[in-house]
Amino acid sequence: MTGIALVRSELTKSVTSRPALILALVAILGTWVMAWTNAASAVGIAPDDPRLFAAEPIPLEYQGFEMAGFGYVLVVALAALSAGSEYGAGQQIRVTLLATPQRPRVFFVKVLLLATTVAGVGFLTMAGSVVITHAAGSTGVDPLELTPAIWANIGGVALAWTFTALIAFALGSLARSAILPLILITPLVVGVGDFVTGFWDGARYLPIAAGAALYSDPAAGLLAPLAGGLVQAAWALVLLVIAGIVFNRRDP
């Protein structure tokens, strides 16, 4: 199978996977709905009101990004599904490798398509969420003319989600199951990582906390954005290299 045919084959599997499509749509649309509900409910409330659960007002360039956590969980599930689904009862991976014996090429195409998909989902999710936040929340920011700082944070979310998805994919590929990445990464996404970071500085170098630095207020005490991005990229690269070597050498 040629490289183009392999890409077409893997892309067809992705777009015809109902669970994957559902996860992507829920990540995008669900986050948009939550952003509108959150922003609309805060209209007319003072920025320092205790009902907003914040000791200080959130800077404008970071408003709306609290919604990233909901889609984050679904992105991890999407990546875990991408890695583990072919090892299920049907053993679809065997058919793929019979058609394309060049295992490194197969692995690379899977990684490339996952990264492209998650980056697109992340950008759409957060761009829509931030626009909705400023439109429904009457924050004073024109939702159709977002500042460069806001766009940089949107890109940061897309990048953090992509690196996290690649980490989840690598773990799922190593385990040949979607369970391992869900067990290891989901707790870090839903708050355990933030809790640990609160009392151990070393936790800032864990992949999720490092990625959060790409779009979080510096007052959160995380790494600098560039450092956080490099740390998370290193996690993804190392795990992908290990997973790729194992994928190339073991029986499917």
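- Distance check: L240 CG to L114 CG gives 9.0 Å after rounding to the nearest 0.5 Å.
- Distance alone, capped at 3.5 Å, is enough to place a donor-acceptor pair between the T37 side chain and the V33 backbone.
- Using a 4.5 Å cut-off between side-chain heavy atoms of Ile, Leu, Val, Met, Phe, Trp and Tyr, with links allowed through other members, V121 and L21 fall into different hydrophobic clusters.
- Here CD1 of I185 is found 11.5 Å from CG of L206. Values are rounded to the nearest 0.5 Å.
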ask   = Going through the checks in order, is the side chain to side chain contact (heavy atoms under 4.5 Å, CB included) test met by I154 and F65?
value = CA-CA 8 Å; I154 291 172; F65 290 93; 3.7 Å; yes
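- Residue pairs meeting the salt bridge (charged side-chain N to carboxylate O under 4.0 Å, His left out) criterion with at least one partner in residues 109-118, sequence neighbours excluded, are E10-K110, E86-K110.
- Checking each of V118, V111, L171, L239 against L166 for a side chain to side chain contact (heavy atoms under 4.5 Å, CB included) leaves exactly one that passes, namely V111.
- Distance CD1/I132 to CH2/W32: 6.5 Å, rounded to 0.5 Å.
- Rounded to the nearest 0.5 Å, atoms CG (N153) and CG (D217) are 9.5 Å apart.
- Under the 4.5 Å side-chain heavy-atom criterion for grouping Ile, Leu, Val, Met, Phe, Trp and Tyr, L25 is not connected to M67 through any hydrophobic cluster.
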query = Stepwise, does the side chain to side chain contact (heavy atoms under 4.5 Å, CB included) test hold for I150 with T147?
reply = CA-CA 5 Å; I150 293 175; T147 65; 3.2 Å; yes
task = Please assess V157 against F123 for the test side chain to side chain contact (heavy atoms under 4.5 Å, CB included), listing each intermediate value before the final yes or no.
result = CA-CA 7 Å; V157 172; F123 183 84; over 6 Å; no
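- In this structure, A158 and A119 approach most closely via the heavy-atom pair CB-O, 3.8 Å.
- Of all heavy-atom pairs spanning A79 and A165, the tightest one is CB-O, 3.2 Å.
- Under the 4.5 Å side-chain heavy-atom criterion for Ile, Leu, Val, Met, Phe, Trp and Tyr, F163 and V241 are members of distinct hydrophobic clusters.
- Annotation for A224 and A213: closest pair O-CB, 4.0 Å, computed over non-hydrogen atoms.
- What you find for A178 and A80 is that their closest heavy atoms are CB-O, 3.3 Å.
- Members clustered with I183: I179, by chain and number, using a 4.5 Å side-chain heavy-atom cutoff among hydrophobic residues.
- Annotation: Y62, atom OH; neighbour count of heavy atoms from other residues, nucleotides and ligands within 6.0 Å is above 12.
- One distance of note links CZ of F169 with CG of L81; it measures 11.0 Å at 0.5 Å rounding.
- I242 and L237 fall into different hydrophobic clusters, where Ile, Leu, Val, Met, Phe, Trp and Tyr are joined by side-chain heavy atoms under 4.5 Å apart, directly or via other members.
- Within the structure, every pair that satisfies the side chain to side chain donor-acceptor pair (under 3.5 Å) test and touches residues 122-135, not counting sequence neighbours, is listed here: H134-T139.
- Shown here for A203 and A209, the closest heavy-atom pair between the two residues is O-CB, 3.4 Å.
- Put simply, CE on M126 and CH2 on W161 are 6.5 Å apart, with the number rounded to the nearest 0.5 Å.
- For S82 (side chain) and L78 (main-chain N/O), no donor-acceptor pair under 3.5 Å exists by modelled atom type.
- L159 and L113 fall within a single hydrophobic cluster, where Ile, Leu, Val, Met, Phe, Trp and Tyr are joined by side-chain heavy atoms under 4.5 Å apart, directly or via other members.
- Counting all heavy atoms, side chain and backbone alike, P104 lies closest to N248 at CD-OD1, 3.2 Å.
- Side-chain contact between Y72 and L188: absent, with no pair of heavy atoms (C-beta onward) separated by less than 4.5 Å.
- By the 4.5 Å heavy-atom criterion applied to side chains, N38 and E66 are counted as neighbours.
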Let me check something: any side-chain donor-acceptor pairs from residues 225-236 under 3.5 Å, sequence neighbours excluded? List them with distances.
| residue | atom | partner | partner atom | Å |
| --- | --- | --- | --- | --- |
| Q232 | NE2 | A160 | O | 3.4 |
| Q232 | NE2 | T164 | OG1 | 2.9 |
| Q232 | NE2 | P207 | O | 3.1 |
| W235 | NE1 | Y205 | O | 2.8 |

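- E61 pairs by the side-chain hydrogen bond (donor to acceptor under 3.5 Å, both in side chains) definition with nothing, not counting sequence neighbours.
- Listed by chain and residue number, F107 satisfy the ring pair (Phe, Tyr, Trp, His ring centres under 6.0 Å) test with F247 (two or more places apart in sequence, or in another chain).
- With hydrogens and angles ignored, the 3.5 Å screen pairs no side-chain donor or acceptor of R249 with any backbone N or O of V246.
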